[in-house]
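See structure below.
The chain is numbered in sequence order, starting from 1.
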Amino acid sequence: MKRRVFYSFHYVPDSWRAAQVRNIGSVEGNSPATDNAWEALRRGGDEAIRRWIARQMKYRSCSVVLVGANTANRKWINYEIAKAWNDGMGVVGIRIHGLQNQHRRLSSRGANPFDYLPLGKKRLSSVVKCYNPAGTDSAARYAWISKHLKNAVEEAIRIRNAY
């Protein structure tokens with residue numbers, strides 16, 4: 001059975017990398033907002049963005065945070081992670097700095113976004129995993145994600161259900 005997941009990522013620098021992961025097809029993902037739709041959402045204010053996120057997360061079992069150089073501690077990324085966790089969804093991070101963008105460039109490794117969110121007296125990172133795909137180049141890292149994404153999602157759901 002394919003899992004339905006919500007992908008969380010920093011849109012501007014990582015949309016190309018995120019599209020690569022979404023196109024793997026081992027899990028079914030949500031549709032990202034287009035540039036124009038996102039601008040319209042932003043004009044609607046925070047409540048409009050919250051409603052859009054809630055609609056996108058509905059009927060999803062896991063949130064996959066695609067971690068790029070500037071993903072950690074962003075307002076809406078933090079909100080999506082916290083909402084997913086609080087709604088009982090699995091949460092997992094996959095680092096994507098090692099995937100090429102549309103210009104064939106890699107980016108630097110960013111901080112773990114789960115380090116910024118509390119979980120009682122601990123940090124969410126003490127429970128939620130953030131994977132750094134193995135490989136020496138973009139193709140090898142993409143292959144790692146292709147092979148392991150489904151298992152990472154299943155593990156995240158087991159972790160959340162056990163917590």
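The shortest non-hydrogen separation linking Ala69 to Ser108 is CB-O, 3.2 Å. Closest approach of Gly93 and Val67 over heavy atoms only: CA-CG2, 4.3 Å. The shortest non-hydrogen separation linking Ala156 to Val91 is CB-O, 3.5 Å. Between Gln100 and Arg17, the shortest heavy-atom distance links the atoms O-CG, 3.8 Å. Of all heavy-atom pairs between Pro133 and Arg95, the closest is CD-O, 3.3 Å. Minimum heavy-atom separation, Val127 to Tyr163: CG2-CE1, 3.7 Å.
Under a hydrophobic-cluster definition in which Ile, Leu, Val, Met, Phe, Trp and Tyr are linked whenever side-chain heavy atoms come within less than 4.5 Å, directly or via other members, Tyr79 and Phe114 are assigned to different clusters. Both Leu41 and Phe6 belong to a common hydrophobic cluster when Ile, Leu, Val, Met, Phe, Trp and Tyr are linked at side-chain heavy-atom distances under 4.5 angstrom. The cluster map of Ile, Leu, Val, Met, Phe, Trp and Tyr, joined by side-chain heavy atoms under 4.5 Å apart, puts Ile159 and Val92 in different clusters. Cluster annotation: Tyr7 and Ile157 are assigned to the same hydrophobic cluster (Ile/Leu/Val/Met/Phe/Trp/Tyr, side-chain heavy-atom contacts under 4.5 Å, transitive). Placement of Tyr59 and Trp52 in two distinct hydrophobic clusters is found when ILVMFWY residues are connected by side-chain heavy-atom separations under 4.5 Å, directly or transitively.
Here the NE2-CD1 distance, from His148 to Ile24, works out to 11.0 Å after rounding to the nearest 0.5 Å. Between the NZ atom in Lys75 and the CD1 atom in Ile49 there is a gap of 6.5 Å [rounded to 0.5 Å]. Expressed to the nearest 0.5 Å, how far OG of Ser63 lies from CZ of Arg160 amounts to 12.5 Å. If you take CZ on Arg4 and NZ on Lys58, they are separated by 11.0 Å, rounding to the nearest 0.5 Å. In this structure, Leu117 CG and Trp85 CH2 are separated by 11.0 Å, a value rounded to the nearest 0.5 Å. Here the CG-CG distance, from Asn112 to Leu124, works out to 8.5 Å after rounding to the nearest 0.5 Å.
Side-chain contact check for Met89 versus Cys62: every heavy-atom pair is 4.5 Å or farther apart. Put simply, the side chain of Ile96 does not reach to within 4.5 Å of the side chain of Trp16, judged on heavy atoms. The shortest distance between side-chain heavy atoms of Pro113 and Ile81 falls below 4.5 Å. Using a 4.5 Å heavy-atom threshold, the side chains of Arg22 and Val27 count as separate. With a 4.5 Å cut-off on side-chain heavy atoms, Leu66 and His10 do not count as touching. By the 4.5 Å heavy-atom criterion applied to side chains, Leu149 and Val64 are counted as neighbours. Residues Lys150 and Arg3 fail the side-chain proximity criterion, which asks for heavy atoms closer than 4.5 Å. Put simply, the side chain of Glu155 does not reach to within 4.5 Å of the side chain of Asn151, judged on heavy atoms.
Classification of the Tyr131-Trp144 ring pair by plane angle, with boundaries at 30° and 60°, yields tilted.
The closest donor-acceptor contact from the side chain of Asn101 to the backbone of Arg105 lies under 3.5 Å. Judged by distance alone, the side chain of Ser146 and the main-chain N or O of Tyr142 form a donor-acceptor pair under 3.5 Å.
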ask   = Does the pair Ile94 and Val21 meet the rule for a side chain to side chain contact (heavy atoms under 4.5 Å, CB included), with working shown?
value = CA-CA 10 Å; Ile94 305 288; Val21 174; 5.7 Å; no
task = Run the numbers on Phe9 and Val65 for side chain to side chain contact (heavy atoms under 4.5 Å, CB included), then give the verdict.
result = CA-CA 6 Å; Phe9 57 94; Val65 181; over 6 Å; no
query = What's the verdict on side chain to side chain contact (heavy atoms under 4.5 Å, CB included) for Arg42 and Trp76, showing C-alpha distance, side-chain angles and the deciding distance?
reply = CA-CA 11 Å; Arg42 286 180 56 194; Trp76 292 112; over 6 Å; no
inquiry  = Using side chain to side chain contact (heavy atoms under 4.5 Å, CB included), reason through Leu99 and Leu106 one step at a time and then give a plain yes or no.
reply    = CA-CA 6 Å; Leu99 299 179; Leu106 305 177; 5.7 Å; no
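Side chain to side chain, Ser125 and Asp115 meet the donor-acceptor criterion of an N or O pair below 3.5 Å.
Comment: Asp87 does not engage Arg60 in a salt bridge, judged by the lack of any side-chain N to carboxylate O separation of less than 4.0 angstrom. In this structure, Glu80 does not pair ionically with Lys83, as no charged nitrogen and carboxylate oxygen lie closer than 4.0 Å.
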